[in-house]
Amino acid sequence: MGEAPAFFVDDLQNEPLNGFELKNGTCKTNTTIGYKTYVIGGADDGTLSIEVQIFDRNRGEWVHPTVHGTKPMSCKGHSAVLLKDRILVLKKGSKPDDQIWFLEFDTEYVRQLQKNLGTEVVAWSKGVTGNAEKPIVISGPSGVGKGTLISMLMKEFPSMFGFSVSHTTRAPRNMEKDGVHYHFTEKCLMEKEIKDGKFLEFASVHGNLYGTSVEAVEVVADAGKRCILDIDVQGARSVRASSLEAIFIFICPPSMEDLEKRLRGRGTETEEQVLKRLRNAEAEIKEGKSSKIFDFILYNDNLEECYEKLKKLLGLDGFVAAAPKSEPKEIILPMDHSLSKIDDKIIINCMPSELDKDSKNLIMLDVSSLKGGAPGRTRGLDFQAVSSFSECLTGANQFS
Ligand SMILES: Nc1ncnc2c1ncn2[C@@H]1O[C@H](COP(=O)(O)OP(=O)(O)OP(=O)(O)O)[C@@H](O)[C@H]1O
Ligand SMILES: Nc1nc2c(ncn2[C@@H]2O[C@H](COP(=O)(O)O)[C@@H](O)[C@H]2O)c(=O)[nH]1
């Protein structure tokens, strides 16, 4: 706390409008919520970095918040709009997939962090159009055939599913590739990243640390695919308790003897590791069958039959691959724009030149169905091009 020489207290005490750019050239915006003013932006050193400072009006002093989530890259300026629990930040002159960001100040995630850390916290999350399909969590004892079933699904439906690449501290097996099968990492590094909030879940499994990073799940959804997680029962329990809505499937072996045969047959573990995995399997099967974590239990006796059942419960039996999905809507926000807000709709006035004044010059950004947020993406944004403010209220014209 204390001084923040790059910012101008006088400007703030004159109470400029929310989202107003404080000073030409510095490209900062300020947004006042109660007695706090959130100042977003940075000094113009060629590229404008996006920093966050809070001015506490009661105390008359600056607060340097703990900033979580992935921070937006520098840009040529931005606009800011106050929403219920976050500030919408529109970056100017950025690529379509990098122009909408949210600075969360009162979401569940931020409130929890504030409670744990006892400091002022804000968190960044990137805005994404459209929604992600519910991820699929697949659990079961080691050697039951989870990986085999997932590979079959990914091979038959390559454009539909994507695999969540976990982090692990175990050593790679012969054919395993870093970044494909796992992100192979060091224990101390993974522990630090867990502390930094980068993981959706993690667990100690058979003597090694495994975990699903938030990013691992988000990149699959960014690619328009449905994410599949292959994680143990502890991890499934953590995901069940998280805000991620998913379908939970437990794969059971027909018998312990079959499981042992499969594990030994795979030939990837030492005798000591095989015994450890088999010991853990008994407790996992008990929990998988009895706990309320899983929506479905599948017995993997005959592989083909089990695969057919898996496809059936995912609604894929008799599925004929459809034409590829249309590309997501892409718009580029012009540098020169002004903003208005009507309920959950942000109207971006693109200020057309005289030459193209007949064209639609308003973009409506609908923020009524936002989902998710830090430490992942904020999804559910929708754009429409409109030609008048009254059209924004009816939402008649789809952006094309
Ligand atoms: N229904 C089945 N019948 C016989 N063998 C099977 C069946 N399903 C899988 N297997 C074989 O069992 C072995 C273990 O399968 P897989 O590696 O898919 O297990 P997993 O559950 O992913 O294990 P882990 O959790 O250790 O990664 C493999 O050699 C695989 O070919
Ligand atoms: N909780 C988590 N468990 C995970 C994750 N990734 C894999 N696993 C589970 O670990 C065991 C062993 O896997 P192996 O590749 O060493 O045979 C298996 O049950 C996996 O499901 C994770 O990110 N989190």
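The model shown is predicted, which means the values in this text are computed figures rather than measured ones. Whatever order the structure lists ligands and atoms in, that order sets their numbers, starting from 1. The figures that follow rest on heavy atoms only: side chains count, while hydrogens, waters and symmetry mates do not.
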Could you tell me the residue and atom name of the protein heavy atom closest to [atom], and the distance to it rounded to 0.1 Å?
atom                    : result
atom 24 (P) of ligand 1 : Arg266 NH1, 3.4 Å
atom 23 (O) of ligand 2 : Ser166 OG, 2.6 Å
atom 11 (C) of ligand 2 : Val205 CG1, 3.8 Å
atom 19 (O) of ligand 2 : Lys146 NZ, 3.6 Å
atom 3 (N) of ligand 2  : Asp232 N, 3.1 Å
atom 24 (N) of ligand 2 : Glu201 OE2, 2.7 Å
atom 8 (N) of ligand 1  : Asn300 ND2, 3.1 Å
atom 19 (O) of ligand 1 : Gly145 N, 3.2 Å
atom 18 (O) of ligand 1 : Thr148 OG1, 2.5 Å
atom 25 (O) of ligand 1 : Lys146 NZ, 2.6 Å
atom 15 (O) of ligand 2 : Tyr182 OH, 2.5 Å

Item to check | Ring-ring centroid check Phe250 Phe296, cutoff 6.0 Å | outcome: no
Next on the checklist: Residue-level breakdown please: for Arg277 versus ligand 2, do any non-hydrogen atoms fall below 4.0 Å on the side chain, on the backbone, on both, or on neither?
Outcome noted: side chain
Give a yes or no on whether [X] atom [atom1] has more than 12 heavy-atom contacts from other residues, nucleotides or ligands under 6.0 Å away.
X      : atom1 : result
Glu272 : CD    : no
Glu245 : CD    : no
Tyr210 : OH    : yes
Lys371 : NZ    : no

Does ligand 2 have an atom that lies less than 4.0 angstrom from a heavy atom of [X]?
X      : value
His181 : no
Glu269 : no
Phe202 : no

Item to check | Heavy-atom nearest neighbour of atom 11 (C) of ligand 1 within options Arg262, Glu304, Glu305 | outcome: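 The option holding the nearest heavy atom is Arg262.
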Any nitrogen or oxygen of [X], main chain or side chain, under 3.5 Å from a nitrogen or oxygen of ligand 2?
X      : value
Thr212 : yes
Arg173 : yes
Pro141 : no
His167 : no

Next on the checklist: Counting only nitrogen or oxygen atoms and a 3.5 angstrom limit, does Ser142 reach ligand 1?
Outcome noted: yes
Which ligand 1 atoms does [X] reach within 4.0 Å, using its non-hydrogen atoms?
X      : result
Gly147 : 18 (O), 20 (P), 22 (O)
Asp301 : 1 (N), 2 (C), 3 (N)
Pro141 : 21 (O)
Arg277 : 26 (O)

Item to check | Interfacing atoms of ligand 2 (cut-off 4.0 Å, heavy-atom, Asp230) | outcome: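 The atoms of ligand 2 under 4.0 Å from a heavy atom of Asp230 are 4 (C), 5 (C), 6 (N), 7 (C), 8 (N), 20 (C), 21 (O).
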Item to check | Atom indices of ligand 2 within 4.0 angstrom of Ala203 heavy atoms, with elements | outcome: 1 (N)
Checklist entry - Do you know which of Lys28, His64, Lys71 makes side chain to side chain donor-acceptor pair (under 3.5 Å) with Glu51? => result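 Passing option: Lys71.
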Given side chains that start at C-beta, do those of [X] and [Y] come closer than 4.5 Å, heavy atoms only?
X      : Y      : value
Tyr38  : Asn30  : no
Glu215 : Val217 : no
Met190 : Thr168 : no

Checklist entry - Between Lys311 and Glu156, does a side chain to side chain contact (heavy atoms under 4.5 Å, CB included) hold up when you go through it step by step? => result CA-CA 10 Å; Lys311 285 203 293 183; Glu156 188 172 351; 3.1 Å; yes
Checklist entry - Minimum heavy-atom separation for Val63 to Pro65, with atom names? => result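 Closest approach of Val63 to Pro65, heavy atoms only: O-CD, 3.3 Å.
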Checklist entry - Any idea which heavy atoms bring Lys345 and Met364 closest together, and the distance? => result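 In this case the closest contact between Lys345 and Met364 is CD-SD, 3.3 Å.
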Checklist entry - Of all the heavy atoms in Gly143, does at least one lie under 4.0 Å from an atom in ligand 1? => result yes
Any donor-acceptor N/O pair, [X] side chain to [Y] backbone, under 3.5 Å:
X      : Y      : answer
Lys92  : His337 : no
Arg226 : Lys134 : yes
Gln273 : Thr270 : yes

